[in-house]
Every structure is written in C-alpha cells, then in structure tokens.
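Both backbone and side-chain heavy atoms feed into the values below; hydrogens, waters and symmetry mates do not. Ligands are counted one by one from 1 in listed order, and the atoms in each one are counted from 1 as well.
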Amino acid sequence: MTRLAGIIGHPVAHSLSPVFQGAAFAQCGLDVRYEAWDTTADALAGRVVSLRDPKYLGANVTIPHKETVIPLLDELGGQSARVGAVNTIVNREGRLYGFNTDGSGFVVALRNEAQFDVAGKAVLLLGAGGAARGIAFALAEARVASIGFWNRTPERAARLAADVARDGAPVHTVSNLDTAGYDCIVNCTSVGMHGGGAEGQAPCDFAAARPTALAVDIVYRPEETPFLRAASAAGLATLGGLPMLIYQGALAFELWTGVRAPVEAMFEAARNALKGERRR
Ligand code: NAP
C-alpha cells in the first residue's frame with residue numbers, strides 16, 4: 001500500500017516540503033507520496049481526523065495552523081508543549097502525536113552546516129514570532145550561555161523572554177538593537193523575505209558585531225538576503241535559512257519512518273526548485 005504524508009497549511013502552494021520530502025522518500029526507496037494539503041481553518045479538524053487512517057504516516061503543519069492544531073492531537077512530544085506549536089504530526093496506530101522540529105532543526109543546521117555548536121554561546125534573536133519561539137526553546141535546551149531578544153514590538157520579545165526564562169535559560173531583552181558582544185546573531189523576522197513588506201531590507205547592521213560571530217538568517221527566499229550580505233561584508237561567517245528548513249524536515253522524516261533522512265538528496269531537490277523559481 002502506498003502510504004501518504006503531506007503538509008497542512010493555507011496557503012501551501014509555494015511550500016518546498018513536497019519537493020524535498022518527495023526526494024527523501026524516493027532516495028530511501030519508500031513507497032510514500034508526500035502531498036500539499038491546502039487546508040482552511042474550517043477544514044482543519046476534518047483533515048487532522050483523516051490522518052488516523054493507517055494509510056497516513058503523518059503530516060507537517062505550517063502557517064496558520066501550528067497552534068490551533070494542538071487540541072486536535074492525542075499527545076505532544078519533545079518541546080512542542082512548551083513552544084505551544086506543532087509542525088509535525090505522527091500517526092502511530094491511529095493515535096496522533098505532535099512534535100516541533102523547527103527549533104531542533106535550527107540547532108542541527110548550525111552544527112552540521114556551519115560547524116557551530118550553540119552550547120555556551122551568547123545568542124541574539126531578532127523577532128518574536130512563531131519561528132523565534134521554536135528556536136528560543138531549542139537554544140535553551142541546547143544550553144546556550146544567554147539569549148538576547150529584540151523585536152519590533154517589544155512586548156512580544158518580553159513575553160517570549162519570560163517564557164524561555166521559566167526553562168532556566170539566562171535571557172535578556174534588547175531595546176536598542178546593537179549586535180555587539182554576541183557569538184551568534186539570528187534573523188527570525190520576515191525582514192528581507194521575498195514578497196514580504198520589508199523585501200530588500202536588513203533588520204540590523206553589523207558595524208559593532210564580533211568579527212568571529214556567526215550570522216544566521218532563517219529567511220530562505222531569497223537564499224542570499226540583505227542581512228546575510230551585510231554580515232558577509234562585515235567579515236562575519238553566515239548561514240542562510242535553507243539548512244533549517246531541510247533539517248526540520250529531516251527530523252520529521254525520521255519521526256515518521258525511523259529511517260535516517262537522506263539530507264544531501266533533500267538539499268539538492270530544494271536547491272534545484274529554488275533555482276527553477278529564480279529562472280521563472
Ligand atoms: P511571524 O510569526 O509572522 O513573525 C514575524 C516576525 O517578524 C515578528 O517578530 C515581526 O515583528 C517581525 N517583523 C515583520 N515585519 C517586520 C518589519 N518590517 N520590521 C521588523 N520586524 C518585522 O512569522 P514566523 O513564522 O516567525 O516566520 C518569520 C520568518 O522566518 C519568515 O520569513 C519565514 O518564512 C521564516 N521561517 C523560516 C523557517 C525555516 O525553516 N528556514 C521556518 C519558519 C519560518 P512584530 O512582532 O513586531 O510584528
């Protein structure tokens with residue numbers, strides 16, 4: 001029996017997940033079809049119930065359903081309860097388990113693709129939306145030395161910092177955006193994102209940043225953002241958003257299948273798709 005997995009969101013037409021998850025299943029010789037399931041809020045409950053059927057391995061969940069899907073699941077695993085968001089659902093004999101692999105995918109991406117271990121490091125997070133939330137809890141779990149939170153709307157940064165502090169992580173909020181004194185500076189805002197309101201802009205400058213710092217942008221369209229260009233120009237090492245996307249997907253793939261994810265094949269498929277978009 002061909003089994004099914006897919007991404008639940010609205011809209012999902014531009015998601016890269018079908019491209020690289022499809023490549024992963026093919027590379028591993030698994031008879032699984034991965035689909036894009038455009039699902040409005042009204043249709044979410046029905047879509048999630050359908051996943052209990054044995055033919056479904058599970059699903060990924062993206063905007064705008066990562067929080068609202070939680071009451072529809074049977075159990076939450078990993079950090080998803082603390083984060084308050086689920087990006088992966090696993091169907092185990094009709095019971096639905098929710099996980100959040102966004103933050104752990106971020107930490108693994110830094111380790112594997114930038115040779116950067118976050119343990120003991122001072123990290124500055126720009127943004128306090130859903131992605132920043134997942135990353136902040138994963139950084140706390142990975143035992144960073146400290147997390148500085150900056151957000152355009154300061155109240156959201158303060159709220160996130162307070163939530164993460166409850167996990168015992170040393171945190172502080174930053175009101176005047178200054179990149180001095182950090183080992184790693186992460187853009188979790190949508191500034192610079194293709195098609196967004198702040199396309200072509202960078203959320204900060206790197207004039208005072210440590211030259212040894214790593215700058216990470218989680219925005220992956222375009223692959224080279226103004227934030228990354230500014231960081232490179234200041235001599236910093238950089239990492240774009242594609243590795244986080246691939247590793248959150250790789251961790252989801254491993255939860256569904258128990259098989260090691262073929263990360264190289266996933267990168268290749270995603271990069272080819274992004275190249276195709278640029279040509280269009
Ligand atoms: P979100 O929940 O909507 O949060 C958006 C964040 O961006 C908020 O902190 C918001 O600040 C900030 N922001 C938006 N416009 C801004 C501007 N003009 N100036 C300064 N700050 C601004 O979105 P999200 O889900 O966290 O996603 C954020 C970005 O990460 C998106 O570009 C998304 O594509 C990317 N992402 C990448 C991955 C990956 O795997 N690489 C995963 C998830 C998300 P306010 O609170 O002030 O509104």
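Both the backbone and the side chain of Ile218 come within 4.0 Å of ligand 1, counting heavy atoms alone. Of the heavy atoms in Leu245, both backbone and side-chain atoms come closer than 4.0 Å to ligand 1. Contacts between Pro203 and ligand 1 below 4.0 angstrom, taking non-hydrogen atoms only, are absent altogether.
Residue-ligand proximity, Gly127 to ligand 1, at heavy-atom distances under 4.0 Å covers atoms 9 (O). The contact set between ligand 1 and Arg156, taken as ligand atoms under 4.0 Å from a residue heavy atom, comprises 8 (C), 45 (P), 46 (O), 48 (O). With ligand atoms numbered from 1 in the order given, ligand 1 contributes 2 (O), 26 (O) to contacts under 4.0 Å with heavy atoms of Gly130. Within the listing of ligand 1, atoms 2 (O), 4 (O), 9 (O), 26 (O) sit less than 4.0 angstrom from a heavy atom of Gly129. The Val219 neighbourhood of ligand 1 comprises atoms 32 (O), with distances under 4.0 Å to a heavy atom of that residue.
Under the 4.0 angstrom criterion, atom 3 (O) of ligand 1 counts as lacking any protein heavy-atom contact. Under the 4.0 Å distance rule, the nearest protein heavy atom to atom 48 (O) of ligand 1 falls inside the cut-off.
Looking at Asn151, its side chain does come within 3.5 Å of a backbone N or O of Ala128 through a donor-acceptor pair. For the pair Asp74 (side chain) and Arg95 (backbone), a donor-acceptor distance under 3.5 Å is absent. Looking only at distances, a side-chain donor or acceptor of Asp117 sits under 3.5 Å from a matching main-chain atom of Ala119. With hydrogens and angles disregarded, a donor-acceptor distance shorter than 3.5 Å links the side chain of Arg210 to the backbone of Gly181. Side chain of Asn91 to main chain of Leu51: a donor-acceptor pair is present (N/O by atom type, distance under 3.5 Å, no hydrogens or angles). When atom types are taken as modelled, the side chain of Asp217 and the backbone of Phe227 share no donor-acceptor pair closer than 3.5 angstrom. Panel note: side chain Glu254, backbone Arg260; no donor-acceptor pair is recorded below 3.5 Å. Judged purely by atom type and a 3.5 angstrom limit, Ser80 uses its side chain to pair as donor or acceptor with the backbone of Gly98.
Here the shortest heavy-atom distance to atom 31 (C) of ligand 1, taken over Lys66, Met193, Gln248, belongs to Met193. Here atom 44 (C) of ligand 1 lies nearest to Ala131 when heavy atoms of Ala109, Ala131, Gly105 are compared.
With rounding to the nearest 0.5 angstrom, the CZ atom of Phe99 is 12.5 Å from the CG atom of Asn60.
For atom 45 (P) of ligand 1, the nearest non-hydrogen atom of the protein is Thr153 OG1, 3.4 Å. Arg152 NH1, 3.5 Å is the protein heavy atom nearest to atom 15 (N) of ligand 1. Protein heavy atom closest to atom 12 (C) of ligand 1, with residue, atom name and distance, is Thr189 CB, 3.7 Å. Nearest non-hydrogen protein atom to atom 19 (N) of ligand 1 is Val191 CG2, 3.4 Å. Protein heavy atom closest to atom 28 (C) of ligand 1, with residue, atom name and distance, is Cys188 O, 3.5 Å. Protein heavy atom in closest approach to atom 42 (C) of ligand 1: Met244 CE, 3.7 Å.
Between Tyr220 and ligand 1, not a single N/O pair is under 3.5 Å apart. Residue contacts with ligand 1: Ile63 is placed with no nitrogen or oxygen under 3.5 Å of a nitrogen or oxygen of the ligand (distance criterion only). Considering backbone and side-chain atoms together, Ser190 places an N or O closer than 3.5 Å to an N or O of ligand 1. For ligand 1, the polar-atom distance check finds an N/O of Ala128 within less than 3.5 Å of one of the ligand's N/O atoms. In terms of N/O distances under 3.5 Å, ligand 1 is approached by Asn151.
The shortest distance between side-chain heavy atoms of Leu239 and Leu110 falls below 4.5 Å.
Each of Val186 and Trp150 belongs to its own hydrophobic cluster when Ile, Leu, Val, Met, Phe, Trp and Tyr are linked at side-chain heavy-atom distances under 4.5 angstrom.
You'll find the ring centres of Phe20 and Phe253 outside the 6.0 Å limit.
Using cut-offs of 30° and 60° for the angle between ring planes, the Trp37 and Tyr56 rings count as perpendicular.
A side-chain hydrogen bond (donor to acceptor under 3.5 Å, both in side chains) with Asp102 is found for exactly one of Gln79, Lys66, Arg133, namely Lys66.
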